[in-house]
Amino acid sequence: NLPDFFRYGFVIIFLLALFLYLGLQVKNIVEPPRLEVYSPPQGYVTNELSISLQGETDKEVNVTLNGKDIGTDEEGDFEEIIDLSPGVNTLIIEAKKKHGKTTREVRHVTLKVEDN
C-alpha cells in the first residue's frame with residue numbers, strides 16, 4: 001500500500017510544517033525585540049555639544065529616546081542627533097513591539113565644558 005504510505009507521510013509532513021510555522025509566529029510575538037546601540041558607547045566623555053545616536057533593531061519596532069520617537073528605516077537601523085547638556089546626560093533607548101514587549105538600553109554620556 002504505497003499510496004497510503006505517501007498520503008500519510010504527506011499529512012504528517014504538512015502537520016509538522018504547520019506546527020513549526022505556528023511555533024515561530026508565537027515566538028516572534030512573545031520574544032522582546034533585539035536592540036543594539038552602536039554609538040555612543042557607555043560612559044562616553046566628549047566636549048562636543050551634540051553627538052549621534054546610532055543603532056539597530058528588528059523591523060517594525062518602535063524606538064524611543066527618553067520617551068521621544070526615533071524613526072527607523074526598512075531594516076530597523078536608526079540614527080538621531082542628540083544635543084547634550086553640560087555634565088552627565090542619561091540616554092534611555094527603548095525598542096517596543098506592537099504587542100508590548102520592550103527592550104531597554106541606558107547610556108551615560110558626559111559633556112565636559114572647558115572653562116576659559
Side-chain angles (χ1 to χ4, degrees):
N1 291 333
L2 199 55
D4 286 341
F5 174 76
F6 285 127
R7 184 178 325 137
Y8 292 132
F10 177 74
V11 169
I12 290 172
I13 290 172
F14 176 77
L15 290 175
L16 286 174
L18 179 66
F19 285 127
L20 178 64
Y21 173 78
L22 291 175
L24 289 174
Q25 294 304 315
V26 169
K27 177 182 174 266
N28 286 337
I29 291 172
V30 299
E31 186 176 74
R34 177 180 57 89
L35 175 63
E36 295 181 34
V37 179
Y38 303 131
S39 173
Q42 174 66 307
Y44 184 67
V45 178
T46 183
N47 58 1
E48 300 290 327
L49 296 176
S50 62
I51 60 169
S52 175
L53 170 70
Q54 298 175 340
E56 180 182 5
T57 187
D58 296 328
K59 296 178 183 179
E60 300 178 8
V61 170
N62 184 31
V63 178
T64 60
L65 169 63
N66 295 340
K68 178 185 151 202
D69 284 340
I70 297 176
T72 59
D73 64 13
E74 306 84 43
E75 286 82 36
D77 297 327
F78 58 89
E79 182 172 0
E80 184 80 8
I81 301 298
I82 305 165
D83 294 326
L84 300 175
S85 302
V88 177
N89 294 264
T90 301
L91 309 177
I92 301 171
I93 305 102
E94 290 183 331
K96 185 175 183 179
K97 284 187 173 181
K98 60 184 172 184
H99 301 291
K101 295 293 183 180
T102 303
T103 302
R104 175 186 284 189
E105 282 275 337
V106 178
R107 300 288 168 102
H108 298 287
V109 177
T110 303
L111 172 60
K112 283 192 169 185
V113 180
E114 296 183 15
D115 296 327
N116 289 334

Whether the side chain of Thr57 engages the backbone of Arg34 through a donor-acceptor N/O pair (distance < 3.5 Å, no angle test) should be reported.
yes
Thr64 vs Lys96, test: side chain to side chain contact (heavy atoms under 4.5 Å, CB included). Steps then yes/no.
CA-CA 8 Å; Thr64 60; Lys96 185 175 183 179; over 6 Å; no
Find the distance between CZ (Phe19) and CG (Leu24) and round it off to the nearest 0.5 Å.
13.5 Å
Check whether Leu49 and Val113 end up in the same hydrophobic cluster, where Ile, Leu, Val, Met, Phe, Trp and Tyr are linked by side-chain heavy atoms less than 4.5 Å apart.
yes
With side chains defined as the heavy atoms from C-beta onward, is the minimum distance between Tyr44 and Pro41 less than 4.5 Å?
yes
Side chain Lys97, main chain Glu31, donor-acceptor under 3.5 Å:
yes
Separation of Arg104 CZ from Leu35 CG (nearest 0.5 Å)
11.0 Å
Could you pull out the closest heavy-atom pair between Val30 and Lys101, with the gap in Å?
O-CE, 3.2 Å
Nearest 0.5 Å please: distance from the CD atom of Glu36 over to the CD1 atom of Ile93.
13.0 Å
Checking Leu16 against Leu20 for the side chain to side chain contact (heavy atoms under 4.5 Å, CB included) test, could you report, in this order, the C-alpha distance in whole Å, the side-chain angles of both residues, the deciding distance, and whether it holds?
CA-CA 6 Å; Leu16 286 174; Leu20 178 64; over 6 Å; no
Rounded to the nearest 0.5 Å, what's the gap from CG on Asn62 to CG on Asp69? Could you check?
4.5 Å
Rounded to the nearest 0.5 Å, what's the gap from CG on Asp73 to NZ on Lys59? Could you check?
10.0 Å
Provide the closest heavy-atom pair for Glu48 versus Leu111 in the form atom of the first, atom of the second, distance.
O-CD1, 3.0 Å
Donor-acceptor pair, side chain of Asn66 and main chain of Ile92, under 3.5 angstrom
yes
Evaluate Val61 against Phe78 for side chain to side chain contact (heavy atoms under 4.5 Å, CB included), listing each step before the verdict.
CA-CA 11 Å; Val61 170; Phe78 58 89; over 6 Å; no
Give every residue pair that meets the side-chain hydrogen bond (donor to acceptor under 3.5 Å, both in side chains) criterion with at least one member in residues 75-91, sequence neighbours excluded.
Ser52-Glu79, Gln54-Glu79, Lys68-Glu80, Thr90-His108
Are Pro40 and Thr46 packed together at the side-chain level, in the sense that at least one heavy-atom pair is separated by less than 4.5 angstrom?
no
Would you confirm whether Arg107, through its side chain, and Leu53, through its main-chain N or O, come within 3.5 Å as a donor-acceptor pair?
no
Side-chain donor/acceptor of Thr103 to backbone N/O of Ala95, under 3.5 Å
no
Tyr38, OH: over 12 other non-hydrogen atoms inside 6.0 angstrom
yes
